[in-house]
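Note sheet for the following structure.
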2 protein chains.
Amino acid sequence: MPPKNPSASIAAVALHAGVSVATVSRVMNDMDGVRPLTRDKVMASVTALGYRMNHLARNLRTAASRLLLTMVPDVGNPFYSEIVRGIDSVAREHGYFVMLCDTGAEAGRESAYFDLLRTHRADGAICLDPDTVQHALANESNILPWVACCEFDPAIAVPYVGVDNYRAAGDAVRHLIARGHSRIGLINSDQRYRYARERQRGYLDALQAAGLQARPEWRRQVDSLDYDAGKHATLQMMTLPDAPNAVFAVSDTLAIGALSALRQLNKRVPEEVAVVGFDDIAIAAQTWPALTTIAQPMRALGETAAQLLLQRLADPQATVQGVLLPHRLVQRESS
Amino acid sequence: MPPKNPSASIAAVALHAGVSVATVSRVMNDMDGVRPLTRDKVMASVTALGYRMNHLARNLRTAASRLLLTMVPDVGNPFYSEIVRGIDSVAREHGYFVMLCDTGAEAGRESAYFDLLRTHRADGAICLDPDTVQHALANESNILPWVACCEFDPAIAVPYVGVDNYRAAGDAVRHLIARGHSRIGLINSDQRYRYARERQRGYLDALQAAGLQARPEWRRQVDSLDYDAGKHATLQMMTLPDAPNAVFAVSDTLAIGALSALRQLNKRVPEEVAVVGFDDIAIAAQTWPALTTIAQPMRALGETAAQLLLQRLADPQATVQGVLLPHRLVQRESS
DNA sequence: GTGAAAGCGCTAACAG
DNA sequence: CTGTTAGCGCTTTCAC
């Protein structure tokens with residue numbers, strides 16, 4: 001039973017092994033230029049003393065925390081949590097840990113978190129917050145290494161990864177049109193999000209291209225992605241004299257709320273009202289009826305974001321890039 | 001427009017203000033014993049230079065990272081993400097940030113994460129992993145500050161917060177019995193979790209107390225909390241010659257999968273088969289039929305865990321405590 | 001009330 | 001191949 005002393009310092013190990021601290025450091029960092037025999041001696045002392053390196057000290061010296069900040073508007077949303085897993089997996093692969101921060105999409109909290117970069121508590125950040133709040137951070141982007149994920153403004157010189165929201169929304173609407181629906185409603189989220197604005201544009205253009213009406217009453221804006229928000233929006237929309245016979249929701253959670261509302265209204269889905277969502281979160285396949293939706297490669301979105309950030313950290317002056325990942329329509333029962 | 005230089009050191013500020021680094025440090029830490037005039041001078045220089053303290057250095061000096069590790073089996077599960085929010089909110093209130101780690105309930109990964117404590121990269125940890133994997137860490141619990149949340153073994157000398165799983169499961173079963181069901185199935189999760197074992201015990205005892213049969217075929221064990229796992233378990237259970245007319249699932253996700261299976265089987269819920277879940281995640285109110293479930297105070301669970309940990313950090317030798325929070329039956333349409 | 005100076009534990013030149 | 005040494009930027013006695 002070796003005496004466990006996690007607080008033993010590198011000096012203690014050096015003493016025990018009869019070598020210098022520099023040598024211990026070399027061994028601990030797997031650097032070459034150490035005689036195997038010496039290395040073994042050091043390792044023996046390390047286990048004998050139960051030594052663990054103090055990362056605080058190393059961090060100060062190397063000026064790196066090996067922590068990646070991830071700022072999400074809402075960790076509770078299944079869409080975001082899947083992305084976080086993607087980020088986490090590649091971060092860990094590269095020896096980084098992730099610090100998860102729930103910003104509630106508030107600019108204030110976001111910029112407070114950004115201080116973590118300025119104070120060297122994190123090496124880089126991935127931001128999923130509204131592009132409107134990203135703008136505030138754009139000026140410092142050259143100094144502070146961060147990338148945008150899902151939400152991004154191509155005009156900002158910040159690496160990003162996302163999907164083509166305009167085209168994706170168009171695909172959803174065109175699908176609905178192809179299924180014979182003509183009065184198509186939109187449940188949209190917070191317009192501070194560029195994705196919300198882009199999807200609305202896609203919706204509108206697709207409608208127009210098909211020569212269909214795009215009545216303003218058929219568009220509802222909600223300020224959260226809760227199930228209830230989608231439900232209420234749908235309930236309201238359906239009281240309209242000439243209510244939509246199909247609805248496109250910009251998020252699965254909203255769409256699921258819509259399903260719930262339609263059930264309450266005794267509307268048959270998709271016969272009386274069709275529903276299409278966005279994201280393809282796990283639950284989308286389990287609803288009744290199962291949700292037709294635009295799938296986003298959530299995992300890959302997170303992984304790519306982490307890769308971009310890691311790239312940027314490795315080479316700060318590398319050219320800024322933007323990546324668009326493919327989406328696809330997953331047709332189930334609700335349309 | 002002040003020259004922003006986040007990498008300015010305390011020495012630069014001292015020079016600029018014409019004071020010593022000690023004084024700057026005092027000002028930065030809001031310590032008293034500094035003349036207001038001096039304080040103002042320093043603050044002026046701080047803003048002039050755009051100084052932000054380097055936390056790496058401070059951390060080394062104070063031997064604290066002000067980071068809390070949170071280890072969850074699966075960040076994607078809505079149950080856990082709500083708890084994480086609770087943790088995050090009180091952590092931030094106290095000047096801590098949280099580092100979220102998805103362990104996949106693997107003992108290996110868990111102990112790797114624990115190294116973050118040993119290497120001073122985190123000050124404390126909150127563990128939501130199976131009590132079976134917690135046992136491995138119990139020995140070091142006196143040295144390494146951590147607390148258990150949701151999953152815990154009262155026998156381990158580690159502070160914990162959770163619910164009375166035994167009683168909660170009994171409540172669910174008694175509710176089903178009261179509604180006239182006699183053949184009650186159980187969809188249980190991974191037995192490495194103490195909560196799974198406790199809930200099973202509660203289920204069994206409640207059945208016995210009512211003089212009802214507890215056939216082994218009516219119990220299904222799944223190895224994940226995915227919707228699909230619940231669905232498949234239910235599908236299998238329902239092929240039984242004398243299938244249950246009610247099922248208690250130890251997690252809402254499992255119960256939702258069950259709902260999906262029953263729909264596929266054309267069984268009316270709750271008339272032909274009633275379903276009760278556990279947790280009361282947000283989606284539970286939106287399913288069809290809306291899910292009856294045992295609600296856990298997820299937010300409070302997370303908040304309490306963080307408080308316990310913070311307490312432990314403030315006073316390492318304080319007595320170990322265990323907290324049980326109340327659960328409650330939320331009756332909706334599925335039973 | 002303020003300053004000088006000694007480290008925290010590690011890494012990285014630079015010598016040997 | 002290994003050792004010596006000078007810091008990283010901050011906090012914290014201990015003087016003044």
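Each chain gets a letter, A, B and so on, in the order the sequences are listed, and its residues count up from 1.
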- Note on the structure: Among the nucleotides C/dG1, C/dC10, D/dT11, whichever has the atom closest to the side chain of A/Asn54 is C/dC10
- Query: Does the side chain of B/Thr23 get closer than 4.0 angstrom to OP1 or OP2 of C/dG3 through an N or O atom?
  - Reply: yes
- Look at the side chain of A/Arg61 and the base of D/dG9, then say whether one donor and one acceptor between them are separated by less than 3.5 Å. no
- Message: So if I take every side-chain heavy atom of B/Ala57 and compare against D/dG9, C/dT2, D/dT5, which nucleotide ends up nearest?
- Response: D/dG9
- Look at the side-chain N and O atoms of A/Ser9 and state whether any lies under 4.0 Å from the OP1 or OP2 oxygen of C/dG9. no
- Task: Provide, to the nearest angstrom, the distance between the CZ atom belonging to B/Arg26 and the P atom belonging to C/dG3.
- Result: 8 Å
- Message: Centre-to-centre under 6.0 Å for A/Tyr113 and B/Phe97, is that the case here?
- Response: yes
- Indicate whether OP1 or OP2 belonging to D/dC10 is found under 4.0 Å from a side-chain N or O atom of B/Ser25. no
- Query: Does OP1 or OP2 of C/dT11 have a side-chain N or O of A/Asn29 closer than 4.0 Å?
  - Reply: yes
- Query: If only side-chain N and O atoms of B/Arg58 are considered, is one of them under 4.0 Å from the OP1 or OP2 phosphate oxygen of D/dG9?
  - Reply: no
- Candidate nucleotides D/dG3, D/dC10, D/dC14, ranked by approach to the side chain of B/Tyr51 - the nearest: D/dC10
- Message: Rounded to whole Å, how long is the line connecting atom CE of B/Met31 with atom C1' of C/dG1?
- Response: 12 Å
- Message: Regarding A/Ala22, tell me which of base, sugar-phosphate or nothing describes its non-hydrogen contacts under 4.0 Å with the strands shown.
- Response: base
- Item | d(CG, A/Leu56; C1', C/dC8) in whole Å | 9 Å
- Message: Is there a side-chain contact between A/Thr62 and the phosphate of C/dT11, meaning an N or O under 4.0 Å from OP1 or OP2?
- Response: no
- After noting the C-alpha distance and the side-chain angles of A/Met71 and A/Cys127, does the key distance pass the side-chain contact (heavy atoms from CB on, under 4.5 Å) rule? CA-CA 5 Å; A/Met71 293 175 291; A/Cys127 181; 3.9 Å; yes
